[in-house]
Amino acid sequence: MKRSRAHAATAIVVTLTLGLTPAFAQTGHFEQGRVLDGPGHVLPHRDRVEPFNRMLEERLETLLPRLMRETGIDMWLVINREYNEDPVFFSLVPRPVFAARRTTMLVFFDRGPDNGGVELLTVNRYPYGALYESAWEGGDLEEQWQGLGEVIGDRDPKRIGINVSRHWPVADGLSAALHERLLEVLTPGLKERVTSAEELVVRWIETRSPLQMEAYPQIVSLARGVIAEAFSERVITPGATTTDDVVWYIAQRFEDLGLDIWFLPSVNAQRRATDEDSECGADEPFCGGSGEFVIQRGDVLHTDVGICYIGLCTDTQEMGYVLRLGEREAPAGLQDALAAGNRWQDILTSEFRTGRTGNEILAATISIATDEGLRSSTYTHPLGVFGHAPGPTIGMWDNQGPTPIRGDWPLYPDTAYAIEGNVKVELEMWGGQDVQIKLEQSAVYDGEQVLYLAGRQTEWHLVH
């Protein structure tokens, strides 16, 4: 007997948050200016299987049928081979699955809401637990392909979606050889019904389910916790620690916690240019660096990190300040600069409307920010199964104009985003030199508003 959705949601939250410190127990939808402690509890790999599979079951039972009907696909085929998995494959199979063994064929057939809903079928030697029903007795590869042809022919679908796409890599997972082989086992009439499943794939990957929404704040809080730990005197000794030292501390910390990073963290520093500084002179318009750049008191720090846990990814950028002797807080100019960054975030998120394209949201954001005198740049992207997920692109770091195709994708409810961009603020304390406030926080759009998953940075991380 299946548990109720409310019970399942509670169980996942309890499972994921068990052992969290008080700072991370409070990760609801509110502004959290500063994380006060390190990362909370992380499940052992064995214990991650159940929450992942429960979230997958919910998505297959409730989300997939809706998306197939909205996109007009009544049969969806996901066909791939070991060592060449379709990008969408791992979002459809339960843990622990590490590969598409030999040739793996998943078939999703919508019989209609009154006729049993979506069939979840496999045409494989290797079953996928209780979620999928095997539709093939077994045999050699040729018999497997013939079996797939029979499964399709017996169900006589009107539109057969396959993963081929010119513009969306995540929806282009069917290889040329497998595509050719598929067509060989279809009758002429069925071949005419084959179409790209591009829209279905993007919607499947970008849309979050209720259980995922419940779990996501705890995942984001883990990333924010490691940043708070790294941007502290526990890790940084002014005059000795380099930015690369902090990079590798963050990477190793995630490794020790059993959390996967999807890119190597970055750390860089900014400071006032002076003639006395060996790194850069007063004639330089900007002073800063990364790599073996030695962190000094008075430096402004920035980091960019991304982790994946229980099937969901984060992307976070935050700012730190290394206190000078005698200081207890960041100077007023830096506090005002961070507030300007928060104001840019508010402008951007207030422009989220269901049905608006990424390009439309970007244009509105730029217009308002410019009117308010903000020198901002917006390059926000969707989050979820991937760190750079499909969905509406809202600006690019190297293009503040319209982005073709991806920028034209509309905004849908129950989607997640990295609210990413920067503002440049002239600092009187730096003799008119700019400081760049680079922020990125994970958030969801619920159809009405944007909610930060584990708060956002509104106060500086301080290194004493």
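Positions are given from 1 along the sequence. Only this structure's heavy atoms are used, side chains among them; waters, hydrogens and symmetry mates stay out.
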Does a side chain donor of either [X] or [Y] reach within less than 3.5 Å of an acceptor in the other side chain?
X    : Y    : result
S209 : E58  : yes
H381 : E440 : yes
N359 : D408 : yes
Q441 : E420 : no

Could you tell me the separation between the CG atom of L92 and the CH2 atom of W204, rounded to the nearest 0.5 Å?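 L92 CG to W204 CH2: 5.5 Å, rounded to 0.5 Å.
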Nearest 0.5 angstrom please: R456 CZ to L451 CG, how far? 12.0 Å
Check: G291 main-chain N/O paired with T243 side-chain donor or acceptor under 3.5 Å: yes
Tell me if a side-chain donor or acceptor on D315 pairs with a main-chain N or O of G306 at a distance below 3.5 Å.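 No; judged by distance alone, with no hydrogens or angles, the pair does not exist.
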Starting from the C-alpha separation in whole Å, work towards a yes-or-no answer on side chain to side chain contact (heavy atoms under 4.5 Å, CB included) for T195 and I160. CA-CA 6 Å; T195 187; I160 305 170; over 6 Å; no
Test of ring centre spacing under 6.0 Å for [X] and [Y]:
X    : Y    : result
W397 : Y379 : no
Y417 : F352 : yes
W168 : W409 : yes

S196 to I73 - nearest heavy-atom pair and separation: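 Scanning both residues, the minimum pair turns out to be O-CD1, 4.3 Å.
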For the CH2 atom on W262, are there more than 12 heavy atoms of other groups (residues, nucleotides or ligands in this structure) within a distance under 6.0 Å?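 Count over threshold, so yes.
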Atom CD of E70: over 12 foreign heavy atoms under 6.0 Å: yes
